[in-house]
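Just below is one structure, and these are the notes that go with it.
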Amino acid sequence: MDPAYDPQKVESRWYALWEDAGVFRPEINPGGEPFCIVIPPPNVTGSLHMGHALDQSIQDLIIRRKRMQGYAALWLPGADHAGIATQNVVERELAVEGLTRDDLGREGFIEQVWQWKAMSGGRITEQIRRMGFSTDWTRERFTMDDGLSHAVRTVFVQLYDEGLIYRGNRIINWCPRCRTALSDIEVEHEDSVGELVRIRYPFADGEGGVEVATTRPETMFGDTGVAVHPDDDRYRDLVGRTVVLPLADREIPIVADEAVDSGFGTGAVKVTPAHDPLDFEIGERHGFDPLVAIDEAGMMTELAGSFAGLDRDDARAAVKEALAAAGVLVSVTEHAHSVGHCYRCDTVIEPYLSLQWFVQVAPLVGPALAAVERGEIRFVPKRWENFYRNWMENLRDWTISRQIWWGHRIPAWYCDACDEVIVAMEAPERCGCGSTDLHQDEDVLDTWFSSALFPFSTLGWPEETDDFRTFYPNAALVTGYDIIFFWVARMIKLGLHLTGEKPFPDVVIHGLVRAPDGRKMSKSLNNAVDPLEVAEQQGADALRLALIQAAAAGQDVPYQDEWVEAARRFGNKLWNATRFVIGHIGEGSVAPDGGYPEDPRPEAQWILARLAATVRRVDELLDAYKFSEAYDAAYAFAWSEAFDWYLELAKAPLRDGRDDGTLATLGAVLRDILKLFHPVMPFVTEELWSHLVGEGFIATAAWPTPPVVDEPPGFDMFRDLVVGVRRFRADHGLAPRRELAVGIYDPAGWVTDWWVQQLASIAAVSMEALDAPAEQGHTRIVAGEVQGFISLDGLVDVDAERSRLSKELADLTTVLERSRAKLSNDEFIAKAPEAIIAKERRKVAEMEATVDALTGQIADLG
RNA sequence: GGGCGCUUAGCUCAGUUGGCAAGAGCGCUUCCCUUACAAGGAAGAAGUCGGGGGUUCGAGUCCCUCAGCGCCCACCA
């Protein structure tokens, strides 16, 4: 073994070996209970970022442990075609060459995207491998592959036949830059201060007019009326009259509508059905035909007269000027509101009237809510269930058509002869009317439509494949809270509807990894940390352990280099502990499982008891998805108990010659520590396993189940005694190995003398068993029922020692008094549980003994 | 306009169903190159758990309230 732990070296060789041996395939555990997680599919053209690293570290932790527990564990990898995002990337590439997608044509462009995917799509899978994530690559899927495309068409046809998918002319969110419709959740609202413009629309007959208020004066060319609230006394008499639209010289009516908020602006609203969702509804109620004043590129239409062809922003300024010139601009005031932006390109969204496909969500919502209400699907942490519920209860229909080219083309064909719409799995040859003049819908589906099917489409659905029968429902879903709406909710809705079963029982929600400054990591802020770079420098193992330890309970976690460094040092600790053990027992001499020695010596009993308690605790926490707490416990056990105490203690008998009992205990404990850490540090633990056990993979070894052992109570007294001796030396400026004579008063025989000699510095403590507490000229270390006495002769300043002991006594007395008060409180005795009272009594007894000892000690100092 | 989260050591954060003599990592102080590890060891300092009120035998943990920070949702013309 190399004397130093080198993450790069260790992490380069194992992945291929695991993969070649089929370790990641569920078949590795034939007969095991199935356990499946599907990966939240990353964008095929993207690269791994810190968010993926956290998300996937959690999933691999779950999967690797289940695999070790004997489950047929499947972590199914895949990638998402990410329609708009990928199309934008490829379009940007083309733009560099001065080309647009139109230059290539639809087929040529799609061909280009596939080429791009072939080139860059392998990158993220390489990165997943580099991180050591144990996905079964033989089952890798892509949302645009044949199987998943087939599933998508199947779903579309089924939902259409059921009336849950329909086509309609509605106001949708339009991104003028991407030139496509977006669903409601693809719009990001940002608060901004805009202008509220008041305009007077003069009456068609007679003097005066009505003032309307708008933030978007340029849309006035699409106005079809003015609406007021029916109960608004100011305007009651005006309903039914007609005004003239300024700059357009078109007459429009004043109508009454309940939807108008008479408290807002002037209480009179210009109705522009084609450019505002509320106006669209008002327009429908009053029989207005929508007029499109802004086109799909965000340019003013012919309707805008002399403003036609202007960009909507330029038009706004120009229209205001023209209104002012016409004398109908009443006022312009600041107005805070929020403006929708495209989540892919940040362009201001245009509400736009167009013919789109929708999923009717109302019938899907009931079962999706009920499954959570009944506890069949539970979110961890639970508070995300409210989040899910609140959103689900206020859903509008889902716009699923996108006017882009990269994606699943909508399986609808239109007959040019009779306007028939045919929705089918494959292109029909002829229409019912006999015509063969059919053309397919130009649009593609929302990427999230195919993602929503991921838990089952990846397993072969709609075919009844073995994998589908075995691994559906999945065992759990792990993802960040940022895609609960986009992905989780839709998987639940469609999963329940299409398969009749919940897609998964547990939804494990984690937080987002933030930049060290607490802000969101982003390329534009230049504060993103690349996980692959960290892996190169500190090791993937270190990054993984750090993320797991830092990411508690679904909270966001600011990324800190220090955590990764600490985790790497832990890897080094494992490395060197293993080196030490192997130095004594040789390579490959520890059994892969079991082999817990029945060594009656208290130090062995202690560490085995602690091991069993730790494994039990880690299991409980991991079963409850409390990853960070679980690994805090495992880390503390390994470092602060096994290595700092047991391993140090073991040095004494090993130095004196071979001691099989100690070696067996040491080997079993270290082996189980490696097993506990394998799910988070797969590489280094596998490497160390190859030396320590040298048989099979730790990746497929059995998860530890050490026998439960009682913890010998004296061990804590021993540790207190040793710390006391060490502290005595530190406090008095004595070198750590300065020889000391310590008398031990230990009537019950809790402590073994060589323990103290070993750990209170090798051979530097001469021990003497006392029959009674020593007096004058000694200082006293109180460790429960054990006391240590150190001669002060010529060693220390007695005054300093006295003041140290006095302070200790004073601090302890405060705490003691508090506990005594508690115990003398009748209500506490009456109402507190037995165990708590007993614990408090023990505490008091312990403290009283210590206080007595300290008091005696101070007196002895003279 | 609704909803949620956060505020605990110098910094970044843990603290399950109320029982804490409040923890970790990093940083800091002192000592030590003891043949597993100086990427280390030992010892230590450091917190009125955001303010106020309440419930309770008992509150960092529950309730109310105030303040600050952050996030999400929303057809705020």
Side-chain angles (χ1 to χ4, degrees), chain A residues 1 3-5 171 185 189 196 212-216 219 227 259-261 264-266 268-272 276-281 335-338 351 383-384 386-387 390-391 394 396 481-482 485 512 516 518 546 549-550 552-563 565-584 620-621 624 626 628-629 632 635-636 643-644 647-648 651 723 726-731 733-737 761-764 811-812 814-816 818-819 822 825-833 835-837 839-840 843 847:
Chain A
M1 271 182 82
Y5 164 52
I171 293 260
I185 54 175
H189 295 272
L196 189 63
V212 298
T214 179
T215 53
R216 305 200 53 202
T219 64
V260 176
D261 173 6
F264 186 91
T266 62
V269 57
K270 60 194 267 311
V271 181
T272 321
D276 184 276
L278 182 65
D279 290 7
F280 182 75
E281 287 173 21
H335 179 64
H337 62 151
S338 77
R383 65 185 154 90
W384 294 110
N386 295 325
F387 186 74
N390 291 342
W391 180 71
N394 298 298
R396 299 201 300 164
Y481 60 75
D482 54 333
F485 300 154
L512 274 28
Q549 286 184 310
Q555 286 307 125
D556 286 354
V557 33
Y559 173 84
Q560 303 281 126
D561 274 326
E562 292 79 7
W563 280 337
E565 277 167 33
R568 192 209 54 209
R569 289 193 197 115
F570 181 75
N572 185 242
K573 197 76 183 172
L574 290 179
W575 184 271
N576 281 294
T578 305
R579 231 158 50 88
F580 172 81
V581 173
I582 285 175
H584 283 92
E620 277 170 17
L621 290 165
K626 294 179 178 179
S628 137
E629 285 181 68
D632 277 352
Y635 184 98
F643 301 151
D644 282 352
L647 190 147
E648 287 301 323
K651 286 177 179 174
V723 169
R726 288 168 175 170
R727 180 173 182 175
F728 173 83
R729 277 196 282 227
D731 281 351
L734 305 177
R737 293 163 75 200
S761 289
I762 299 159
D811 292 348
L812 190 62
T814 313
V815 181
L816 174 60
R818 205 186 306 160
S819 286
K822 223 186 245 184
N825 181 333
D826 293 340
E827 284 192 283
F828 175 71
I829 301 299
K831 294 182 182 170
I836 298 299
I837 296 171
K839 192 174 164 190
E840 203 65 31
K843 244 167 69 182
M847 286 189 288

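We use all heavy atoms of the structure for the numbers below, so side chains are in, but hydrogens, waters and symmetry mates are not. Order of the sequence lines sets the chain letters (A, B, ...), proteins ahead of strands, with each chain counted from 1.
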For the [atom1] atoms, the ones on [N] and on [M], what distance do you get once it is rounded to whole angstrom?
N     : M     : atom1 : value
B:C4  : B:A9  : C1'   : 28 Å
B:U7  : B:U16 : P     : 12 Å
B:C66 : B:U56 : P     : 23 Å
B:A39 : B:C33 : C1'   : 14 Å
B:G60 : B:G19 : C1'   : 13 Å
B:C62 : B:C6  : P     : 9 Å
B:U48 : B:U61 : P     : 16 Å
B:G68 : B:A22 : C1'   : 24 Å

How is [X] classified with respect to the nucleic acid when contacts are heavy atoms under 4.0 Å: base, sugar-phosphate, or nothing?
X        : value
A:Ala4   : base
A:Lys651 : base
A:Pro833 : base
A:Leu812 : base
A:Trp391 : nothing
A:Ala336 : base
A:Phe280 : nothing
A:Leu647 : base
A:Glu648 : base
A:Ser338 : base
A:Ala566 : sugar-phosphate
A:Val271 : nothing

Roughly how far, to the nearest 0.5 Å, is the [atom2] atom of [Y] from the [atom1] atom of [X]?
X        : Y        : atom1 : atom2 : result
A:Ile171 : A:Asp276 : CD1   : CG    : 7.0 Å
A:Tyr5   : A:Leu574 : OH    : CG    : 8.5 Å
A:Thr272 : A:Leu278 : OG1   : CG    : 10.5 Å
A:Glu840 : A:Arg818 : CD    : CZ    : 10.0 Å

When the distance from [atom1] of [X] to [atom2] of [N] is rounded to whole Å, what number comes out?
X        : N     : atom1 : atom2 : result
A:Asn390 : B:G5  : CG    : C1'   : 14 Å
A:Asp561 : B:C13 : CG    : C1'   : 16 Å
A:Phe570 : B:A39 : CZ    : C1'   : 14 Å
A:Arg569 : B:C26 : CZ    : C1'   : 8 Å
A:Phe264 : B:A77 : CZ    : P     : 6 Å
A:Leu621 : B:U17 : CG    : C1'   : 14 Å
A:Asp556 : B:C13 : CG    : P     : 10 Å
A:Asn572 : B:C37 : CG    : P     : 10 Å

Among [options], find the nucleotide with the atom closest to the side chain of [X].
X        : options             : result
A:Pro558 : B:U12, B:A77, B:C4  : B:U12
A:Trp563 : B:A43, B:U12, B:C72 : B:U12
A:Asp644 : B:A77, B:A21, B:A42 : B:A42
A:Arg727 : B:A14, B:G44, B:A21 : B:G44
A:Tyr5   : B:A36, B:A39, B:A21 : B:A39
A:Leu278 : B:C6, B:A21, B:C75  : B:C75
A:Ser628 : B:A14, B:U12, B:A74 : B:A14
A:Tyr635 : B:A77, B:G25, B:C73 : B:G25
A:Phe828 : B:G19, B:A14, B:C75 : B:G19

Complementary nucleotide for [N] - Watson-Crick or wobble, under 3.5 Å:
N     : answer
B:G40 : B:C32
B:G18 : none
B:G68 : B:C6
B:G1  : B:C73

Taking 4.0 Å as the cut-off, does a side-chain nitrogen or oxygen of [X] come that near to OP1 or OP2 on [N]?
X        : N     : value
A:Lys843 : B:C20 : no
A:Lys626 : B:U17 : no
A:Arg726 : B:A43 : yes

For A:Lys270 and A:Thr219, run side-chain contact (heavy atoms from CB on, under 4.5 Å): C-alpha distance rounded to whole Å, both residues' side-chain angles, the deciding distance at 0.1 Å, then the answer. CA-CA 9 Å; A:Lys270 60 194 267 311; A:Thr219 64; 2.6 Å; yes
Please compare A:Trp575 and A:Leu196 by the position of their nearest nucleotide in RNA chain B and report the one closer to 5'. A:Trp575
When A:Asn576 and A:Phe485 are each assigned the nearest nucleotide of RNA chain B, the 5'-most assignment goes to A:Asn576
Measure centre to centre between the rings of A:Phe387 and A:Tyr481, then say whether the value is under 6.0 Å. no
I'd like to know if A:Arg568 and A:Glu565 make a salt bridge, using a cut-off of under 4.0 Å between side-chain N and carboxylate O. no
Can you see which heavy atom on A:Asn576 is nearest to which on A:Pro3, and at what distance? OD1-O, 3.7 Å
Any donor-acceptor pair under 3.5 Å linking the side-chain atoms of A:Asn386 with those of A:Arg383? no
